[in-house]
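Start at 1 and go down the list; that is how both ligands and their atoms are numbered. Numbering starts at 1 and runs along the sequence shown.
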Amino acid sequence: MSAKIIDGKAFAAGLKGRVSEETARLKREHGLVPGLATVLVGTDPASEVYVRNKNKTAEAVGFKSVSHHLPETASEAEVLEMVRALNADRGVHGILVQMPLPKQVREAAVLDTLDPAKDVDALTPTNAGLLLSGRAKLVSCTPMGVMMLLKEYVGDIAGMDALVIGRSLLFGKPAAQLLLAANATVTMAHSKTRDLPAVARRADILVAAIGRPEYVKGDWVKPGATVIDVGINRVDTPDGKYKIVGDVAYDEVAKVAGAITPVPGGVGAMTIVCLMRNTLIAACEQTGVAIPAI
Ligand code: NAP
């Protein structure tokens with residue numbers, strides 16, 4: 001058996017097209033241009049690439065894109081002052097503060113200052129709580145992307161056993177909430193889970209967000225299961241270069257699974273486009289315009 005490949009790249013391209021069309025319509029019919037502001041603190045090379053891609057995609061879909069770059073030595077007070085200014089800026093509907101932050105800036109202080117209505121990464125306690133209550137408007141981007149792919153490739157997941165490996169605020173916790181809201185029977189695993197391979201073998205849907213290259217092996221997977229690989233890991237290659245691999249040992253798992261997301265080209269492709277979707281929703285919410293179904 002060879003798994004069906006879940007093409008996140010193609011799905012993300014379609015979603016990006018729909019966001020662009022809706023952005024053009026909002027401008028035409030309501031004079032509304034969604035605005036996304038990014039805040040980067042320091043010079044982490046991976047964060048610089050992420051932020052650049054977010055700004056580029058925002059411009060490509062027709063948003064106003066604003067980028068702020070503070071030095072590595074910026075104080076917490078300076079970062080909070082910037083967040084407050086963006087909270088007050090009516091032309092900015094979404095604010096993304098790129099994590100991780102330098103150690104002198106507390107992530108919790110930033111999230112407690114960020115206006116939840118503009119929290120397009122959905123990391124503030126308010127948005128996390130709304131998700132728990134089933135009332136979220138803004139949902140964390142990568143979990144949202146995963147749910148869209150499951151809907152497209154699996155359909156109704158009610159009653160299925162879903163396992164999420166990893167319990168981060170950014171991915172694992174919101175992903176588990178969304179799977180539960182879709183009526184899956186959800187198990188969360190983490191570094192203290194006993195006999196993870198046995199737990200994994202029960203899953204109809206196995207979601208791995210661990211941050212360890214090719215950790216999930218072929219004999220952990222129930223035949224025919226859907227495997228969603230959220231991991232993005234850089235590993236060195238013998239020629240002195242590097243490649244990006246997921247948290248799943250793709251070649252062996254693809255022989256057992258029914259469907260699988262590749263890395264790259266799976267979940268990762270969805271995240272930035274889901275951020276654009278959130279910014280569009282935030283812009284509509286803040287201006288009293290009906291939220292389009294996209
Ligand atoms: P994180 O905050 O580092 O969390 C990792 C989670 O994995 C933790 O809950 C940890 O358990 C668990 N874990 C670590 N080792 C484990 C083990 N041996 N067995 C079982 N669980 C283990 O990571 P994250 O931010 O969620 O990211 C996870 C991965 O997804 C990374 O590769 C990241 O690059 C990727 N990612 C991709 C996207 C995307 O756009 N595609 C977005 C976000 C993240 P404990 O809680 O017990 O420590």
- Query: Could you go step by step and tell me if Glu22 and Arg25 meet the salt bridge (Lys or Arg N to Asp or Glu O under 4.0 Å) rule?
  - Reply: CA-CA 5 Å; Glu22 283 302 327; Arg25 189 188 60 79; 2.7 Å; yes

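- Distance alone, capped at 3.5 Å, is enough to place a donor-acceptor pair between the Glu76 side chain and the Arg106 backbone.
- A heavy-atom distance below 4.5 Å is not found between the side chains of Arg201 and Val221.
- Interface atoms of ligand 1 facing Asn233, defined by a heavy-atom separation under 4.0 Å, are 32 (O).
- A donor atom on one side chain and an acceptor atom on the other are found under 3.5 Å apart for Lys54 and Gln98.
- The shell of residues lying under 4.0 angstrom from ligand 1, judged by heavy atoms, includes Ala209.
- Within the 4.0 Å heavy-atom criterion, the part of Thr142 lying near ligand 1 is the side chain and not the backbone.
- Residue-level proximity to ligand 1 for Thr193 is absent, since no heavy atom of it falls below 4.0 angstrom.
- A pairwise comparison of heavy atoms in Pro116 and Leu138 identifies O-CD1, 3.7 Å as the closest pair.
- With a 4.0 Å heavy-atom cut-off, ligand 1 is reached by the side chain of Leu170 but not by its N, CA, C or O.
- The part of Arg212 lying near ligand 1 is the side chain, judged by heavy-atom distances below 4.0 Å.
- In this structure, Lys192 contributes its side chain and Ala189 its backbone to no donor-acceptor pair below 3.5 Å.
- A search for side chain to side chain donor-acceptor pair (under 3.5 Å) contacts involving Asp115 returns nothing, not counting sequence neighbours.
- Note that OH of Tyr153 is 10.0 Å distant from CD1 of Ile228, once rounded to the nearest 0.5 Å.
- At a cut-off of 3.5 Å, with distance as the only test, no side-chain donor of Asp229 or Thr261 sits close to an acceptor on the other residue.
- Residue Gly211 has at least one heavy-atom neighbour below 4.0 Å for each of these atoms of ligand 1: 28 (C), 29 (C), 31 (C), 32 (O).
- No donor-acceptor distance shorter than 3.5 angstrom exists from the side chain of Asp236 to the backbone of Tyr242, with no hydrogens or angles considered.
- Near Ile165, meaning under 4.0 Å from one of its heavy atoms, ligand 1 places the atoms 20 (C), 21 (N).
- Under the 4.0 Å distance rule, the nearest protein heavy atom to atom 26 (O) of ligand 1 falls inside the cut-off.
- The shortest contact between atom 40 (O) of ligand 1 and any protein heavy atom is with Thr271 OG1, 2.7 Å.
- Checked by distance only, ligand 1 and Lys192 stay at 3.5 Å or farther apart across all their nitrogen or oxygen atoms.
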Could you list the donor-acceptor pairs under 3.5 angstrom formed by side chains in residues 262-282, with sequence neighbours left out?
from: Thr271; atom 1: OG1; to: Thr142; atom 2: OG1; distance (Å): 3.0
from: Arg277; atom 1: NE; to: Ile294; atom 2: O; distance (Å): 2.6
from: Arg277; atom 1: NH2; to: Ile294; atom 2: O; distance (Å): 2.6
from: Asn278; atom 1: ND2; to: Val120; atom 2: O; distance (Å): 2.9
from: Asn278; atom 1: ND2; to: Val139; atom 2: O; distance (Å): 2.9
from: Thr279; atom 1: OG1; to: Leu275; atom 2: O; distance (Å): 2.8

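- Considering only non-hydrogen protein atoms, atom 22 (C) of ligand 1 sits nearest to Ile210 CG2, 3.4 Å.
- Nearest to atom 30 (O) of ligand 1 among the protein's heavy atoms is Val230 O, 3.5 Å.
- Within ligand 1, counting atoms from 1 as listed, the ones closer than 4.0 Å to a heavy atom of Gly268 are 41 (N).
- In terms of protein heavy atoms, atom 12 (C) of ligand 1 is closest to Gly166 CA, 4.0 Å.
- Protein heavy atom in closest approach to atom 1 (P) of ligand 1: Ser168 CB, 4.2 Å.
- For atom 11 (O) of ligand 1, the closest non-hydrogen atom on the protein side is Ser191 N, 3.2 Å.
- Near Leu196, the atoms of ligand 1 lying under 4.0 angstrom from a non-hydrogen atom of the residue are 19 (N), 20 (C).
- Closest protein heavy atom to atom 20 (C) of ligand 1: His190 O, 3.2 Å.
- In this structure, atom 36 (N) of ligand 1 has a protein heavy-atom contact shorter than 4.0 Å.
- Nearest protein heavy-atom neighbour of atom 9 (O) of ligand 1: Arg167 N, 2.8 Å.
- Residue Ile232 places at least one N or O, backbone or side chain, under 3.5 Å from an N or O of ligand 1.
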Give the C-alpha distance, both sets of side-chain angles, the deciding distance and a yes or no for salt bridge (Lys or Arg N to Asp or Glu O under 4.0 Å) between Glu285 and Lys137.
CA-CA 9 Å; Glu285 272 285 307; Lys137 294 240 167 61; 3.8 Å; yes

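- Taking the side chain as every heavy atom from C-beta outward, Thr187 and Asp161 never approach each other to under 4.5 Å.
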